[in-house]
Amino acid sequence: MNDFYLIRKNLTRNKLRMSLNLFAIFIAFFLFGALGSIKNAFDAGVDLAAADRLVVVNSISFTQTLPVAYANKIKSIEGVRKVTWANWFGGYYQDPKQMAMTFIVDPESYLDVYSELQLTDNEKNRWFNNRQGVVVGEQLAKNYGWEKGDRIPISSNIFSLHEGGHTWDVVIDGIFKGETEGVDTSYMLMHHKYFFETQAYPGEWLGWLTVTTADPELNETISRAIDQQFANSSAETETTTEAAFNKAFIEQVGDIGQIITLVVLAAFFSILMIVGNSMMLSVRERVKEIAVLKTLGFPSARVFIMVLAESLLLACVGGLLGSVFAEVMIGGLTQVPAITRIFPNLVITAETWMTAVFLMLLLGCLTGFFPALRALKLKTIDALSKG
Amino acid sequence: MSALLPQIRTVVSMNILSLPQRMWMALTTLLAVAIVVAVLLAFLAMANGFQTTVKNSGSDALGIGLRAGSQAELNSGLSNEQVKLIVEAPGIKRNADGPISSAELYVVVGGVRKSTGLEANLSLRGIELDGVALRPGVEIMEGRMFTPGKNEIVVGRAVWRDYENFEIGDEIRLGTANWRVVGIFSANGGVYESEIWTDVRTVQTQFNRGNTYQVVRFALETPGDVEKIQAYSDNNPQLNFDISTEKEYFSEQAEGIFNIIFYIGWPLAIIMALGALAGALNTMYTSVSQRTQEIATLRAIGFTGLSAFIGTMVESLLLAILGGVLGTGAAFLFFDGMQGSTLGSSFTQIVFDFQMSRESLVSGMQIAVLIGLVGGFFPALKAARIPVVKAFSMQH
């Protein structure tokens with residue numbers, strides 16, 4: 001008969017109470033995993049932003065455009081390595097409600113700067129040489145069931161064609177994947193030459209530019225140099241790091257992260273109370289047995305560890321079940337287009353998992369500590385003489 | 001049967017009077033229920049507040065014309081000629097000066113939020129004076145209306161309150177020009193309060209927009225009826241407008257965000273309620289097992305099983321309802337009237353107040369009572385079935 005046998009027997013003595021506690025812990029960790037993944041989805045833009053990338057937008061707001069000449073002017077600034085640019089297209093597929101986020105880009109330089117978007121050389125070459133071609137993110141392709149080689153109509157809610165209408169015919173030359181799991185692939189890239197040849201407004205323009213710097217240390221100097229170059233012109237620029245740009249955007253959506261943290265905290269707090277109380281109760285009920293164990297010569301420390309281990313076991317089993325369920329459910333949700341259109345990159349990261357395991361241990365220790373302490377300090381005589 | 005009521009009264013009072021013995025367990029349940037209710041109410045207040053704000057903005061008596069397919073003002077683009085043609089459509093109200101209409105231009109500018117010190121997107125709307133008169137509920141709270149042709153702005157109440165440098169008399173740089181704040185306006189708490197208004201022609205000049213517009217608003221002859229105007233646009237090859245009432249336009253804009261808040265809030269509350277339910281069941285089973293001997297003794301002296309059942313149910317419901325009340329109170333204290341803001345469909349800020357509605361208060365109490373009912377039912381069943389012989393057996 002080893003200690004583990006005793007721990008297990010103690011834990012399963014009141015099966016109903018154990019199941020209820022397990023269930024409460026299960027819920028807490030399920031919420032932690034599920035909400036954590038939503039928070040990740042929002043933060044991905046900041047966490048995955050490259051340290052050496054700067055975003056240049058019109059200083060009035062990013063909805064205002066910039067002259068095409070800016071690309072070359074910025075390229076000649078010292079410390080700038082690569083420059084690419086993009087335009088907002090405002091795309092949808094068939095029905096205005098079916099968003100299909102589309103950027104109008106210069107293919108070669110865009111893929112060079114955004115190296116986390118992965119295509120085979122074959123796909124790249126085909127796209128570079130095919131003006132009507134587009135490359136589509138894996139997630140977006142999945143949302144609408146598109147495949148390589150498909151000819152699809154993409155409509156714009158901003159621009160019109162020369163010949164009238166808002167719908168461009170494009171061919172899918174490739175489907176890009178993200179270098180890591182969290183990279184957003186819920187958009188597509190369209191050839192800028194094809195767009196400007198066919199659209200109805202006069203002239204060409206840039207929506208924003210992305211610049212890579214030789215060294216992240218130089219970011220600030222280069223940002224200032226870029227903004228100074230265009231100061232007092234009719235289109236002043238505002239240059240920030242990619243991370244800061246994404247963060248500012250997310251913050252405007254509302255402090256989702258904070259709300260989620262608050263909810264998870266609230267859930268944890270109530271579950272901590274539920275499980276903690278029930279552990280206290282079960283130790284109280286077992287006072288006599290613990291006294292007997294001590295009389296038999298079990299050292300106090302061993303009894304302490306046994307009680308603590310009991311709640312740790314409970315927390316870990318419930319926590320793991322909850323986390324695994326969250327993982328399965330998020331995996332399922334990412335197959336549902338309606339969900340992925342709102343949250344493009346739902347994923348439970350390794351970091352979330354590690355935090356979950358840490359929280360399981362914390363929950364186990366917190367809920368087990370006081371009951372274990374009570375068992376430790378228990379005076380055998382008092383306990384046995386009671387009742 | 002006549003003895004049943006006094007029996008129940010006795011058992012209920014025994015249950016309740018013995019609560020202090022289980023104080024911590026009882027408090028746990030109470031708090032768990034309170035947290036569930038507070039979280040649900042917070043989400044509902046957010047969804048409700050957002051919806052009210054956006055709905056309050058739209059009027060049935062106003063029509064709005066956008067370039068076909070553009071969906072949001074920011075995406076739309078209209079030429080001066082198109083605007084001049086469309087306002088002649090039948091179904092648009094006229095006065096001595098012609099059709100009552102306002103062609104508007106909408107640009108996104110930056111403002112610094114007082115709470116965070118960070119920049120956020122604000123809408124600067126170029127508008128015609130007719131457009132101000134068109135919108136019901138718009139009132140200048142302080143100062144005066146802008147003078148057309150001058151770089152003067154009037155500021156919505158929410159912008160004035162939440163952003164820096166929008167006091168009357170302040171000079172502020174928006175885009176590439178300086179503007180003087182001359183007035184602050186309210187608009188029934190609607191979306192317009194998150195906007196800055198000035199003369200449309202000044203915006204065209206200062207932002208190099210030539211003689212173009214994004215949206216045209218007009219008074220409708222018959223409120224709610226835009227069909228004739230849509231038909232007029234469809235039959236004229238020079239025009240391609242999507243016409244809707246302003247009310248329809250805003251409800252459509254609000255739908256997406258409302259759904260997100262609403263459909264995160266409810267599942268979340270239900271999952272948390274399941275956790276609280278586990279706690280409630282635990283508490284009530286403990287309550288029953290602690291009182292096994294007491295209940296059995298009562299049975300032995302002729303109390304019915306039903307009275308034991310009801311006693312436990314009442315205890316459970318009492319805890320849940322107290323928890324519900326506590327949660328509602330906390331939600332009121334912390335969330336009602338709290339300010340939220342988010343990006344609308346035109347990438348600009350919409351400021352709204354959290355708002356508790358009567359329906360959401362009812363929903364909150366319903367979920368509390370449900371936890372109490374289910375959490376009490378099974379333990380109560382157990383209590384009702386305690387055999388009389390337990391009264392005479394040793395504890396455990």
Side-chain angles (χ1 to χ4, degrees), chain A residues 14 16-17 19-28 30-31 34-35 38 59-64 90 92 96-97 155-160 164 166 201 232-236 238 247-249 251-255 259 262-263 266-267 269-271 273-278 280-281 285 342 387, chain B residues 24-25 27-29 31-36 38-39 42-43 46 67-72 74-77 107-110 116 118-122 174-176 207-208 240 256 259-260 264 268 271-272 274-279 281-283 285-286 340-343 346-349 395-396:
Chain A
N14 187 339
L16 184 69
R17 182 186 295 155
S19 317
L20 289 170
N21 280 337
L22 268 183
F23 184 71
I25 298 169
F26 170 87
I27 292 282
F30 168 69
L31 277 179
L35 293 177
I38 294 179
S59 70
I60 295 171
S61 86
F62 69 94
T63 57
Q64 302 267 327
Y92 63 89
K97 289 215 158 40
S155 312
S156 167
N157 54 28
I158 308 174
F159 304 106
S160 341
H166 310 283
Y201 285 109
N232 300 319
S233 74
S234 61
E236 297 186 343
E238 186 170 313
K247 188 151 184 263
F249 196 82
E251 254 153 19
Q252 294 208 46
V253 177
D255 209 336
I259 294 170
L262 273 177
V263 170
F269 180 65
S270 40
I271 279 152
M273 291 187 316
I274 291 169
V275 179
N277 256 309
S278 190
M280 276 303 237
L281 194 73
E285 282 172 6
I342 307 175
Chain B
W24 288 110
M25 290 292 278
L27 273 182
T28 307
T29 311
L31 267 180
V33 173
I35 288 174
V36 171
V39 167
F43 271 90
M46 188 163 34
R67 185 180 55 64
S70 56
Q71 296 167 46
L74 185 70
N75 298 332
S76 178
V107 284
V108 182
V109 294
T116 59
L118 295 173
E119 191 163 287
N121 295 342
L122 295 173
L174 302 172
T176 52
F207 290 84
N208 297 323
N240 60 337
N259 281 346
I260 291 178
I264 288 180
L268 197 70
I271 293 169
M272 285 181 67
L274 287 174
L277 182 61
L281 280 168
N282 239 338
T283 307
Y285 272 121
T286 310
S341 69
T342 187
L343 276 189
S346 288
F347 293 124
T348 50
Q349 290 289 313
Q395 220 177 335
H396 302 303

Next item on the list: Starting at CZ of B:F207, measure out to CD1 of A:I60 and round the result to the nearest 0.5 Å.
Entry: 5.0 Å

Checklist line | Gap separating the NE2 atom of A:H166 from the CG atom of B:N75, nearest 0.5 angstrom | finding: 11.0 Å

Item checked: Heavy-atom proximity to chain B below 4.5 Å, by part of A:L16 -> side chain

Next item on the list: Check B:A32 against A:M273 and note the closest heavy-atom contact, atom names and distance.
Entry: N-CE, 4.3 Å

Notebook entry, point to check: Is A:Y201 atom OH crowded by more than 12 heavy atoms from other residues, nucleotides or ligands, each under 6.0 Å away?
Noted result: yes

Next item on the list: Drop me the distance from B:T283's OG1 to A:N277's CG, to the nearest 0.5 angstrom.
Entry: 7.5 Å

Checklist line | Closest approach of A:F23 to B:L274 (non-hydrogen atoms, all atoms of both residues) | finding: CE2-O, 3.5 Å

Checklist line | Where A:L20 and B:A278 come nearest, the two heavy atoms and their spacing | finding: O-CB, 3.5 Å

Check: Between B:M272 and A:I27, does a side-chain contact (heavy atoms from CB on, under 4.5 Å) hold up when you go through it step by step?
Finding: CA-CA 7 Å; B:M272 285 181 67; A:I27 292 282; 5.6 Å; no

Check: What part of A:N232 gets closer than 4.5 Å to chain B, counting heavy atoms only: side chain, backbone, both or neither?
Finding: neither

Next item on the list: First locate atom CG of A:L35, then atom CD1 of B:I271, and finally report the distance between them rounded to the nearest 0.5 Å.
Entry: 8.0 Å

Next item on the list: Answer with side chain, backbone, both or neither: which region of B:I35 has an atom nearer than 4.5 Å to a non-hydrogen atom of chain A?
Entry: side chain

Notebook entry, point to check: Looking only at heavy atoms, which two atoms of B:G275 and A:I274 are closest? And how far apart?
Noted result: O-CD1, 3.6 Å

Next item on the list: Grab the two heavy atoms, one from B:R67 and one from A:I158, that are nearest each other, plus how far apart they are.
Entry: NH2-O, 2.6 Å

Notebook entry, point to check: Do you know which of B:V39, B:L268, B:L277 has the most heavy-atom pairs under 4.5 Å to chain A?
Noted result: B:L268

Note to self: Is A:F269 close to chain B through its backbone or its side chain, or both, or neither, when contacts mean heavy atoms under 4.5 Å?
What the structure shows: side chain

Note to self: Which atoms of B:L281 are under 4.5 Å from chain A, going by heavy atoms: the side chain, the backbone, both sets, or neither?
What the structure shows: both

